[in-house]
Amino acid sequence: MNKVLFFAHLRDEAGHESVEIEAAGKTVAELKQIIAEKYGVQKLDTSMTAINEEFSSNDEVINEGDTVAFIPPVSGG
Amino acid sequence: MNKVLFFAHLRDEAGHESVEIEAAGKTVAELKQIIAEKYGVQKLDTSMTAINEEFSSNDEVINEGDTVAFIPPVSGG
Amino acid sequence: MNYEIAKEPINVQSVIDKVVQRDAGAITTFIGTVREMTKGKKTLYLIYDAYEPMAVKKLEQIGTEIQERWNGAQVAITHRVGRLDITDIAVVIAVSTPHRNDAYEANRYAIERIKEIVPIWKKEHWEDGQEWIGNQLETVPYPTGKPEEKDLNE
Amino acid sequence: MNYEIAKEPINVQSVIDKVVQRDAGAITTFIGTVREMTKGKKTLYLIYDAYEPMAVKKLEQIGTEIQERWNGAQVAITHRVGRLDITDIAVVIAVSTPHRNDAYEANRYAIERIKEIVPIWKKEHWEDGQEWIGNQLETVPYPTGKPEEKDLNE
């Protein structure tokens with residue numbers, strides 16, 4: 001299983017802080033599509049993705065146990 | 001009479017923090033020459049001059065009662 | 001602990017203290033504060049949220065980048081989360097270097113990088129609503145899915 | 001009292017407090033500290049001296065120049081005089097502005113102007129002697145007898 005984290009407006013859209021989903025073997029892009037459909041989350045295409053707290057590209061493959069976080073454009077500072 | 005102030009290495013050279021001198025009617029350049037001769041102060045040509053706490057050029061004329069300060073290149077900060 | 005996410009008000013001096021060094025001639029600090037008016041709109045307060053463990057890692061990465069680029073630099077950054085009122089401090093960046101130009105440039109690099117890669121978000125609360133603020137309203141999509149490394153030191 | 005010459009150690013926070021404003025999104029501070037090694041030579045301590053009333057006036061002038069150039073800027077500067085040991089603070093410059101770039105630029109302008117026009121001098125004490133430091137060993141004479149106004153904001 002994989003833990004998927006949502007932040008900022010994505011969290012509001014998803015209605016969850018995090019969900020558990022089976023994503024091993026899928027690419028980030030594939031997971032984004034699944035999440036968009038299942039949770040009605042828009043704007044994943046303008047979000048960054050982190051796997052295990054490191055930025056990942058859309059074609060990276062998710063492993064069993066990885067934590068995936070969708071990271072909207074940041075606004076700290 | 002006029003008060004003349006020395007700072008930093010000019011003070012060390014002059015051996016005084018300040019002196020009283022009659023400088024009314026003289027230009028800054030003329031006063032520099034007098035001071036250089038009378039107190040053995042070198043490097044007045046690389047110093048700025050302030051009259052009553054405002055920077056002055058070498059051709060400015062000193063008035064009775066003005067305070068004149070010789071200001072070596074500064075090194076604050 | 002030079003890189004922190006704080007839930008309580010930030011003590012500026014305590015951040016500065018982390019970068020004091022005998023070989024420093026200059027320490028710069030950047031203090032980001034909550035401004036009342038932005039483009040004619042009145043902010044009441046902000047909520048900052050962070051992906052905390054990753055945010056700390058990314059702050060550490062920024063410190064490492066600075067030390068690679070500016071010789072002898074020491075860096076400390078604390079970013080606050082939670083509710084912040086007008087004039088409250090959101091972030092403090094302290095950088096010490098032997099010479100002053102480096103301290104300014106490295107500090108500026110830090111805030112620009114924070115706005116690029118550190119997973120922290122602010123939600124603005126106005127009199128007539130609230131909104132999570134993206135990178136200038138999401139005018140910057142990330143086509144590759146992650147931010148590109150940019151050289152900010154021209 | 002935003003512009004001061006101090007005989008006692010400078011409290012950084014108290015300088016910052018002078019520029020806090022509701023319309024500021026950024027406060028930058030520059031803290032000049034006494035560095036131990038300069039070009040391979042070991043400094044033991046420094047003595048700073050100032051032409052105090054004129055120095056305060058010139059610090060005020062720098063503040064006015066900044067407020068003319070950077071809209072909405074608030075400025076406070078304290079410079080210490082007397083004996084300073086390694087890591088002691090010689091000067092603190094705090095600048096607040098609505099937007100961060102201005103806070104960096106205005107702050108940098110302040111330290112450059114201090115080094116041009118404020119009558120403060122330092123005497124370096126090394127193991128083998130002491131010397132009043134001029135503007136890079138007096139490589140900058142002033143042909144007109146006063147400093148020229150320069151635009152540092154390229």
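Residue numbers begin at 1 in each chain, while the letters A, B, ... track the order of the sequences. Values reported hereafter were calculated over all heavy atoms of this structure, with side chains retained and with hydrogens, waters and symmetry mates removed. Note that the coordinates shown come from a computational prediction; the quantities given were computed from them, not determined experimentally.
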Margin query: For B/N63, is there any backbone N or O sitting under 3.5 Å from a side-chain donor or acceptor partner on B/N2?
Written below: yes

Item checked: Residue B/E17 excluded, over 12 heavy atoms near CD under 6.0 Å -> no

Notebook entry, point to check: Do D/E131 side-chain atoms and D/K123 backbone N/O form a donor-acceptor pair below 3.5 Å?
Noted result: no

Notebook entry, point to check: Going by residue number, which parts of residues 77-95 of chain D are within reach of chain B, meaning a heavy-atom gap below 4.5 Å?
Noted result: D/H79, D/A90, D/V91

Next item on the list: Sort B/L5 into side chain, backbone, both or neither according to what part of it lies under 4.5 angstrom from a heavy atom of chain D.
Entry: side chain

Note to self: A quick test of your reading: do over 12 heavy atoms of other residues, nucleotides or ligands sit less than 6.0 Å from CG of D/N71?
What the structure shows: no

Notebook entry, point to check: Is there a donor-acceptor pair under 3.5 Å between the side chain of D/W121 and the backbone N or O of B/P72?
Noted result: yes

Item checked: residues 10-49 of chain D: residues contacting chain B (heavy atom under 4.5 Å, by number) -> D/Y48, D/D49

Margin query: Using a 3.5 Å distance criterion without hydrogens, assess whether the side chain of D/K57 forms a donor-acceptor pair with backbone atoms of B/E53.
Written below: no

Check: Any donor and acceptor pair, going by atom type alone, linking the side chain of B/K32 with main-chain N or O of B/S47 inside 3.5 Å?
Finding: yes

Check: For the side chain of D/Q67 and the backbone of D/A73, is there at least one donor-acceptor N/O pair under 3.5 Å apart?
Finding: yes

Item checked: Structural part of B/D12 lying under 4.5 Å from a heavy atom of chain D -> side chain

Notebook entry, point to check: Quick one: does D/K122's side chain have a donor or acceptor within less than 3.5 Å of a partner on B/S75's backbone?
Noted result: no

Margin query: Under 4.5 Å from any heavy atom of chain B, what part of D/A50 do you find: side chain, backbone, both or neither?
Written below: backbone

Margin query: Using heavy-atom distances under 4.5 Å, tell me whether D/I114 contacts chain B through its side chain, its backbone, both, or neither.
Written below: both

Note to self: Looking at B/V28, is its backbone amide N or carbonyl O close enough to the side chain of B/N58 to form a donor-acceptor pair, meaning the two atoms are under 3.5 Å apart?
What the structure shows: no

Note to self: Exactly one of B/I62, B/T27, B/I51, B/V68 should register a side-chain contact (heavy atoms from CB on, under 4.5 Å) with B/S56. Which one does?
What the structure shows: B/I51

